[in-house]
Structures are given as structure tokens and as C-alpha cells.
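One structure is given below, encoded as C-alpha cells.
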Amino acid sequence: MQAADAVVVGGGPAGLSAALYLARYNREVLVFDTGHGRSTHHQTNHNYLGFPGGIPTVDLRKLGREQLGRYPGARIARHLITHAEGDAERGFTVRSQGHSWRARTLVLATGVLKHLPHFAVRSPAA
Ligand SMILES: Cc1cc2nc3c(=O)[nH]c(=O)nc-3n(C[C@H](O)[C@H](O)[C@H](O)COP(=O)(O)OP(=O)(O)OC[C@H]3O[C@@H](n4cnc5c(N)ncnc54)[C@H](O)[C@@H]3O)c2cc1C
């Protein structure tokens with residue numbers, strides 16, 4: 001089982017920001033991200049400091065990953081975390097594809113997804 005100081009589940013703006021802070025405080029941080037969130041849609045996000053004209057979220061993610069990549073203690077893995085357990089006293093364990101990782105800190109930054117209802121479309125009655 002591999003270990004890190006902190007595990008972050010989710011590599012969108014929230015997860016990358018959390019990981020950046022942890023890495024800057026010299027924590028060994030492991031980010032798991034499958035790359036399917038609100039910030040992978042083609043859209044421009046506004047109201048972010050430093051981007052007065054807004055920024056496409058895919059570009060924001062790219063910049064965030066590059067910024068995090070400057071810290072040797074930070075790694076990003078493209079795994080779907082399917083299980084997480086533990087507490088602040090015992091530490092946390094996360095699992096994916098038969099592998100386990102341990103960490104003292106666990107950050108869940110998985111975002112939200114829309115689950116749209118299925119509409120049946122009928123042509124007008126003749
Ligand atoms: C059309 C549109 C316009 C928007 N406009 C704005 C705007 O103008 N300003 C603004 O601030 N916001 C805007 N938003 C919202 C913004 O995109 C979200 O608030 C932002 O992306 C949330 O970031 P996040 O990191 O919380 O989640 P996400 O961007 O959803 O990222 C979560 C990440 O976690 C990963 N993940 C989830 N579960 C797991 C798991 N179990 N294991 C591994 N990885 C996992 C996903 O693959 C994903 O990459 C807009 C959204 C949409 C759809």
C-alpha cells in the first residue's frame with residue numbers, strides 16, 4: 001500500500017486548489033482525477049480573480065495542473081476512487097482498481113454532476 005500526507009479526490013478547480021495549498025506547505029499530496037466534471041465542459045467561467053474576461057474551464061484545469069506540477073511532492077493519477085474509509089485519528093484509505101493508498105488527510109473535491117431525466121419525445125397525434 002502506498003502512502004502520502006494527503007489524498008485529494010477530484011482534479012477540478014477545487015481539488016487542484018486544495019492540492020496546491022497542501023503542496024506549498026510541503027505536504028506530499030496525491031490527486032486522483034478521472035477528468036469528467038463540470039470543469040471539463042466547454043464553457044467560460046467568470047468571476048475568477050485574475051481573469052477579468054473569464055477563462056475556459058479546460059484552460060483553467062490545464063493551468064492548475066501545470067502550477068501543481070512545479071511541486072515535486074505533488075502527483076496526479078487518473079484513477080477512479082471507488083472506496084474511501086477512515087478518520088482523522090486513524091488516517092484514511094482510498095481504493096481504486098485493486099490498489100490502496102493511505103493518507104493522514106483526505107479531501108473530497110468530486111464536484112457535482114447533472115442527472116437529467118429521460119424525456120420521451122412523441123410526435124403530435126395525426
Ligand atoms: C455551462 C456552465 C457554466 C458555468 N459558469 C461558471 C462561471 O461563470 N463561474 C463559475 O465560477 N463557475 C461556473 N460554472 C461551474 C463550474 O464549472 C464549477 O463550479 C466548477 O467546475 C466546480 O469545480 P469542482 O472542482 O468542484 O468540480 P468539477 O469541475 O466537477 O471537478 C471534479 C473532478 O473530480 C473528478 N472525480 C469525481 N469523482 C471522482 C472519483 N471518485 N475518483 C476520481 N476522480 C473523481 C471528476 O472527474 C472531475 O474531474 C459553470 C458550469 C457550467 C456547466
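Numbers here are sequence positions counted from 1. Numbering of ligands and ligand atoms starts at 1, following listing order.
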Any idea which protein heavy atom is nearest [atom], and the distance to it?
| atom | answer |
| --- | --- |
| atom 27 (O) of ligand 1 | Gly111 CA, 3.4 Å |
| atom 30 (O) of ligand 1 | Arg38 N, 2.8 Å |
| atom 34 (O) of ligand 1 | Gly10 CA, 3.1 Å |
| atom 31 (O) of ligand 1 | Gly12 CA, 3.5 Å |
| atom 37 (C) of ligand 1 | Thr110 O, 3.4 Å |
| atom 8 (O) of ligand 1 | His46 N, 2.8 Å |
| atom 29 (O) of ligand 1 | Ser39 OG, 2.5 Å |

Gln67 vs Arg65, side-chain contact (heavy atoms from CB on, under 4.5 Å): CA-CA, chis, key distance, verdict: CA-CA 5 Å; Gln67 194 173 353; Arg65 290 169 77 100; over 6 Å; no
Carboxylate-amine/guanidinium proximity below 4.0 Å for Arg90 and Asp87: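 The answer is yes: the pair qualifies as a salt bridge.
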Out of Val9, Asn45, Leu60, whose heavy atom is nearest to atom 12 (N) of ligand 1?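 Considering heavy atoms of Val9, Asn45, Leu60, the nearest to atom 12 (N) of ligand 1 sits in Asn45.
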Judged on heavy-atom distance to atom 36 (N) of ligand 1, which of Ile55, Thr34, Leu16 sits nearest?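 Ranked by closest heavy atom to atom 36 (N) of ligand 1, first place is Thr34.
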Quiz question for you: does at least one protein heavy atom lie closer than 4.0 Å to atom 19 (O) of ligand 1?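 No, there is no protein heavy atom closer to it than 4.0 Å.
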Look at atom 22 (C) of ligand 1 and say whether a protein heavy atom is found at less than 4.0 angstrom from it.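 Given the 4.0 Å cut-off, atom 22 (C) of ligand 1 does not count as touching protein heavy atoms.
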Any nitrogen or oxygen of [X] lying under 3.5 Å from a nitrogen or oxygen in ligand 1? Just yes or no.
| X | result |
| --- | --- |
| Ile81 | yes |
| Asp33 | yes |
| His41 | no |
| Gln43 | yes |
| Ala14 | yes |

Would you mind listing which atoms of ligand 1 come within a distance below 4.0 Å of any non-hydrogen atom of [X]?
| X | result |
| --- | --- |
| His79 | 42 (N), 43 (C) |
| Arg61 | 49 (O) |
| Gly11 | 33 (C), 34 (O) |
| Ala109 | 32 (C), 34 (O) |
| Asn47 | 7 (C), 8 (O), 9 (N), 10 (C), 11 (O) |
| Gly37 | 30 (O), 48 (C), 49 (O) |

Could you walk me through whether Asp5 and Leu22 pass the side-chain contact (heavy atoms from CB on, under 4.5 Å) check? CA-CA 9 Å; Asp5 292 319; Leu22 287 159; over 6 Å; no
Are Val107 and Leu20 joined in one hydrophobic group, where the rule is that I, L, V, M, F, W and Y side chains link up if heavy atoms are under 4.5 Å apart?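 Yes; tracing contacts between hydrophobic side chains, which count when under 4.5 Å, links both residues.
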Grouping I, L, V, M, F, W and Y whenever their side-chain heavy atoms are under 4.5 Å apart, do Val94 and Val31 come out in a common cluster?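 Unlinked, Val94 and Val31 end up in two clusters.
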Is the distance between the ring centroids of Trp101 and Phe92 less than 6.0 Å?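 No, they do not, as the ring centres are separated by 6.0 Å or more.
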Report yes or no: does [X] contribute a side-chain atom to a donor-acceptor pair with the main-chain N or O of [Y] at less than 3.5 Å?
| X | Y | value |
| --- | --- | --- |
| Arg27 | Tyr25 | yes |
| Ser96 | Leu80 | yes |
| Ser100 | Gln2 | no |

side-chain contact (heavy atoms from CB on, under 4.5 Å) assessment of Ile81 paired with Arg95: CA-CA 6 Å; Ile81 295 300; Arg95 294 200 190 109; over 6 Å; no
If you take all heavy atoms of Thr40 and Val58, which pair is closest and at what distance?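 That would be O-CG1, 4.0 Å.
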Is it true that atom CZ of Arg102 has more than 12 heavy atoms of other residues, nucleotides or ligands lying nearer than 6.0 Å?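 Counting other residues, nucleotides and ligands, CZ of Arg102 exceeds 12 neighbours.
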To the nearest 0.5 Å, how far apart are CZ in Arg24 and CG in Leu68?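 Answer rounded to 0.5 Å: 12.0 Å.
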